[in-house]
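Quick notes on the structure that follows.
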Amino acid sequence: MSSSIVYCPCQSKKRYADCCLPLHLGQETAVNAEALMRSRYTAYVLQKIDYIVQTTALAQQDLLDLSEMLTWSKETHWDGLDVIKQQAKTTKRHAQVEFKAFYQTTQGRAYHHELSTFVYIDDRWYFLDPTVDLAITMKQPCLCGSGQKFKHCCAVYL
Ligand code: ZN
Ligand code: ZN
């Protein structure tokens with residue numbers, strides 16, 4: 001599929017080669033949280049699960065259910081993305097993006113409406129997955145790798 005598409009599935013109106021492809025190939029990193037979110041949506045459309053994993057907060061990566069992600073990615077009839085709002089930075093290292101990801105069902109078009117949180121570590125954005133339970137305490141170092149205590153860092157977003 002990736003070889004046949006021209007315009008990027010994230011609906012940036014740009015060509016895939018000029019949009020999410022360089023991110024998927026590791027040639028570029030996302031310039032902001034919205035760009036990362038778009039590239040993750042496109043990765044789901046194209047079933048690039050490795051990319052989804054690599055762009056999730058480091059300590060959460062091993063806990064992701066890859067087969068479930070692949071199944072979800074394959075069985076969903078993705079049908080577009082609408083970025084509603086990007087809050088550039090909610091803290092020094094966090095940003096949130098509100099979006100709708102559309103898909104087709106037998107009853108018609110439906111969507112996931114989400115407010116996703118991203119964390120910026122060592123010059124890269126990562127997705128903070130609120131569904132991954134790390135069993136971390138408030139006083140422990142944060143799962144994102146910032147070196148701060150969890151309660152002062154990502155805890156409010158999870
Ligand atoms: Zn794109
Ligand atoms: Zn953190």
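Read the numbers this way: they start at 1 and go in the same order the structure lists the ligands and their atoms.
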Hey, mind stepping through H77 and Y103 against ring-ring contact (aromatic ring centres under 6.0 Å, His included) and telling me if it holds? CA-CA 5 Å; H77 299 279; Y103 56 96; 9.4 Å; no

May I have the angle between C153 SG and C154 SG with its vertex at the Zn ion (ligand 2), rounded to 10°? 110°

Rounded to 10 degrees, what angle sits at the Zn ion (ligand 1) between C20 SG and C8 SG? 100°

Using 30° and 60° as the class boundaries, would you call the ring planes of W125 and Y120 parallel, tilted or perpendicular? tilted

Verify the distance criterion only: is there a donor paired with an acceptor across the side chains of T117 and Q96 at less than 3.5 Å? yes

Can you label the angle between the W78 ring and the H112 ring as parallel, tilted or perpendicular, going by 30° and 60°? tilted

Any N/O/S of H94 under 2.8 Å from the Zn ion (ligand 2)? no

